[in-house]
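Note: hydrogens, waters and symmetry copies are ignored here, and every other heavy atom, side chains too, is used. Values in this document were obtained by computation on a predicted structure and should not be read as measured data.
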Amino acid sequence: MPRTNPELDRLIALMTLEPLEDNLFRGLTHNQPGVRIFGGQVLGQALIAAGRTVSPERSAHSLHAYFLRPGDSGRPVIYSVERARDGGSFSSRRVVATQHGRPIFYLSASFQRQEQGDEHQTSMPEVPAPESLASQQDIYSRYLEQIPAIYRESLLAMRPIDIRPTEVEHPVEPGPRATQHSLWLRADGSIPDDPLLHQAILAYASDYRLLGTALRPHGRTILQGKTLLASLDHALWLHRPFRVDDWLLYTFDSPSASNARGFARGSLYSRDGQLVASVAQEGLMRPFQETPETDIGL
């Protein structure tokens with residue numbers, strides 16, 4: 001039987017935007033006033049808004065986004081789409097996400113009809129199968145007493161995405177580590193056969209653990225409350241078709257951190273080794289002496 005998960009149903013509902021007018025959509029949030037919207041949610045909703053103005057024969061192949069202001073989970077987000085271009089093979093869209101009368105997020109996205117051409121890709125690394133690995137929540141449970149109390153309920157709550165790290169690491173005091181690491185992920189339940197929805201949920205999930213990769217050489221994690229992490233921009237390239245309710249391997253590395261900014265890259269592979277997407281992100285990585293309000297993502 002298909003897996004069911006009310007949190008995944010809730011995420012799918014968040015990605016089901018309300019059309020207000022031509023090129024104008026409203027996206028719901030979690031209705032938690034004062035709580036910052038997870039960046040992946042705005043990323044996924046903006047991609048849905050752009051995609052709903054494009055012919056279904058064209059699928060998204062790249063998006064580039066800037067996070068301008070923290071989003072407010074207590075208010076809906078309005079997405080305004082500019083139909084920048086519809087050519088013979090490609091369509092381009094620009095999206096502005098607005099709350100409280102001010103832009104909080106910009107997105108540029110490109111869509112392409114299917115074409116034949118040369119192909120190559122990097123090989124998927126060899127890692128343990130997801131069925132042999134503990135979930136991220138199980139790992140958190142092992143270290144529960146060492147995790148600050150303000151995070152415990154959120155970390156152990158049911159999630160829309162099942163995460164299986166390929167290595168177990170202490171979530172609070174891991175010590176310095178190599179930037180290269182990986183995890184398996186999939187939507188924790190079944191998703192309708194809508195390619196744009198699968199792309200949007202992948203965009204949502206692609207924001208998880210990415211920027212935190214830049215903390216690894218410094219022996220820090222977001223759960224220590226010593227670093228202010230905030231996404232500044234996010235790029236996603238979609239290379240091949242996939243289903244996000246099947247297992248995907250997400251590999252990470254961070255080539256650089258400087259000037260209170262961290263830069264990280266990711267690759268996503270299907271279970272059979274196909275490279276389906278590539279990701280890059282830069283974000284604020286500012287040391288903080290007191291526990292700030294943080295976004296711990298999924």
Side-chain angles (χ1 to χ4, degrees), residues 5-8 10-11 14 28-44 67-75 77 99-100 104-105 134-165 167-177 181 183 185 188 204-232 234 250 252 254 257 260-262 264 281 283-298:
N5 180 338
E7 287 303 309
L8 179 60
R10 189 179 184 187
L11 176 58
L14 289 176
L28 298 180
T29 62
H30 287 289
N31 194 28
Q32 296 174 291
V35 176
R36 189 166 71 182
I37 299 175
F38 174 52
Q41 177 187 320
V42 183
L43 197 68
F67 297 90
L68 307 178
R69 296 180 175 89
D72 178 2
S73 282
R75 295 286 296 273
V77 183
Q99 279 188 321
H100 303 289
I104 63 169
F105 174 89
S135 72
Q136 183 67 77
Q137 288 164 297
D138 288 340
I139 295 171
Y140 286 142
S141 296
R142 299 179 194 178
Y143 299 95
L144 191 60
E145 294 305 315
Q146 299 170 62
I147 294 173
I150 60 171
Y151 298 127
R152 292 175 190 167
E153 182 178 355
S154 173
L155 292 176
L156 296 181
M158 180 176 282
R159 303 284 179 166
I161 308 295
D162 188 355
I163 302 291
R164 308 279 179 98
E167 297 180 9
V168 175
E169 297 177 344
H170 197 296
V172 182
E173 297 294 343
R177 298 150 292 163
H181 66 117
L183 56 82
L185 64 80
D188 194 14
Y204 170 90
S206 72
D207 196 29
Y208 177 65
R209 293 284 289 271
L210 184 58
L211 186 55
T213 301
L215 291 175
R216 291 173 61 86
H218 311 284
R220 299 206 305 278
T221 78
I222 189 65
L223 298 181
Q224 295 169 345
K226 297 178 181 179
T227 308
L228 179 60
L229 283 185
S231 302
L232 297 174
H234 192 105
Y250 198 1
F252 308 86
S254 176
R261 300 191 317 273
Q281 185 178 84
L284 184 67
M285 195 173 85
R286 179 179 291 153
F288 204 93
Q289 298 304 313
E290 299 177 6
T291 301
E293 178 188 352
T294 56
D295 180 354
I296 58 174
L298 299 176

Next item on the list: Identify the residue among Gln32, His100, Gln99 that makes a side-chain hydrogen bond (donor to acceptor under 3.5 Å, both in side chains) with Asp72.
Entry: His100

Check: Is the centre of the Tyr204 ring less than 6.0 Å from the centre of the Phe38 ring?
Finding: yes

Notebook entry, point to check: When rounded to the nearest 0.5 angstrom, what distance separates CD in Gln41 from CG in Leu28?
Noted result: 9.0 Å

Item checked: Donor-acceptor pair, side chain of Ser154 and main chain of Tyr151, under 3.5 angstrom -> no

Notebook entry, point to check: What is the minimum heavy-atom distance between Met285 and Gly262, and which atoms define it?
Noted result: CB-N, 3.9 Å

Note to self: If we ignore hydrogens and angles and just use 3.5 Å, is the side chain of Arg152 paired with the main-chain N or O of Leu144 as donor and acceptor?
What the structure shows: yes

Next item on the list: Evaluate the criterion side chain to side chain contact (heavy atoms under 4.5 Å, CB included) for residue pair Tyr143 and Leu155; output intermediate values, then yes/no.
Entry: CA-CA 11 Å; Tyr143 299 95; Leu155 292 176; over 6 Å; no

Next item on the list: Report yes or no: does Arg177 contribute a side-chain atom to a donor-acceptor pair with the main-chain N or O of Gly175 at less than 3.5 Å?
Entry: yes

Item checked: Considering all heavy atoms, the nearest Ser73-Thr29 contact -> O-OG1, 2.5 Å

Notebook entry, point to check: Is the closest side-chain heavy-atom distance between Asp162 and Leu185 below 4.5 Å?
Noted result: no

Next item on the list: Decide yes or no for Pro171 and Ile147: does some side-chain heavy atom of the first lie under 4.5 Å from some side-chain heavy atom of the second?
Entry: yes

Next item on the list: Check the pair Ser135 / Asp138 against side chain to side chain donor-acceptor pair (under 3.5 Å), numbers first and verdict last.
Entry: CA-CA 5 Å; Ser135 72; Asp138 288 340; 3.2 Å; yes

Next item on the list: Give the minimum heavy-atom separation between Pro176 and Pro217, together with the two atoms involved.
Entry: CB-O, 3.5 Å

Checklist line | Spacing of Arg69 atom CZ and Ile104 atom CD1 [to the nearest 0.5 Å] | finding: 9.5 Å

Next item on the list: Check whether more than 12 heavy atoms from other residues, nucleotides or ligands sit under 6.0 Å from atom CZ of Arg142, and answer yes or no.
Entry: yes

Checklist line | Leu223 vs Tyr140, side chain to side chain contact (heavy atoms under 4.5 Å, CB included): CA-CA, chis, key distance, verdict | finding: CA-CA 11 Å; Leu223 298 181; Tyr140 286 142; 4.1 Å; yes

Margin query: Side chains of Phe105 and Ile37, heavy atoms from C-beta outward: is any pair under 4.5 Å?
Written below: no

Next item on the list: Take Ile161 and Asp188, measure what side chain to side chain contact (heavy atoms under 4.5 Å, CB included) needs, and give me the verdict at the end.
Entry: CA-CA 5 Å; Ile161 308 295; Asp188 194 14; over 6 Å; no

Next item on the list: For atom CD of Gln137, decide whether the heavy atoms of other residues, nucleotides or ligands shown that lie under 6.0 angstrom number more than 12.
Entry: yes

Item checked: Point-to-point distance, once rounded to the nearest 0.5 Å, from CZ of Arg10 to CE of Met158 -> 12.5 Å

Next item on the list: Ignoring hydrogens and angles, tell me if any N or O in the side chain of Ser231 forms a donor-acceptor pair with the backbone of Gly283 under 3.5 Å.
Entry: no

Notebook entry, point to check: Are any side-chain N or O atoms of Ser254 and backbone N or O atoms of Thr213, one a donor and one an acceptor, separated by less than 3.5 Å?
Noted result: no

Next item on the list: Answer yes or no: is there an ion pair linking Glu169 with Arg216, defined by an N-O contact shorter than 4.0 Å?
Entry: yes

Notebook entry, point to check: Out of curiosity, Leu229 CG to Arg220 CZ, how far, rounded to the nearest 0.5 Å?
Noted result: 8.5 Å

Notebook entry, point to check: Does the side chain of Pro148 reach to within under 4.5 Å of the side chain of Gln224, using non-hydrogen atoms?
Noted result: no

Item checked: Closest heavy-atom pair and its distance - Pro174, Gly219 -> CD-O, 4.0 Å

Notebook entry, point to check: Say you draw a straight line from CD1 of Ile163 to CD1 of Ile139; how long is it, rounded to the nearest 0.5 Å?
Noted result: 10.5 Å

Note to self: Pair Arg261, Arg286 - check side chain to side chain contact (heavy atoms under 4.5 Å, CB included), show working.
What the structure shows: CA-CA 7 Å; Arg261 300 191 317 273; Arg286 179 179 291 153; over 6 Å; no

Notebook entry, point to check: Between atom CD of Gln281 and atom CZ of Phe252, what is the distance when rounded to the nearest 0.5 Å?
Noted result: 10.5 Å

Next item on the list: Write down the atom of Leu156, the atom of Ser141, and the distance for their closest heavy-atom approach.
Entry: CD2-OG, 3.4 Å

Margin query: Could you go through His234 and Ser206, starting from their C-alpha distance and side-chain angles, then the distance that decides it, and tell me whether this counts as side chain to side chain donor-acceptor pair (under 3.5 Å)?
Written below: CA-CA 9 Å; His234 192 105; Ser206 72; 3.0 Å; yes

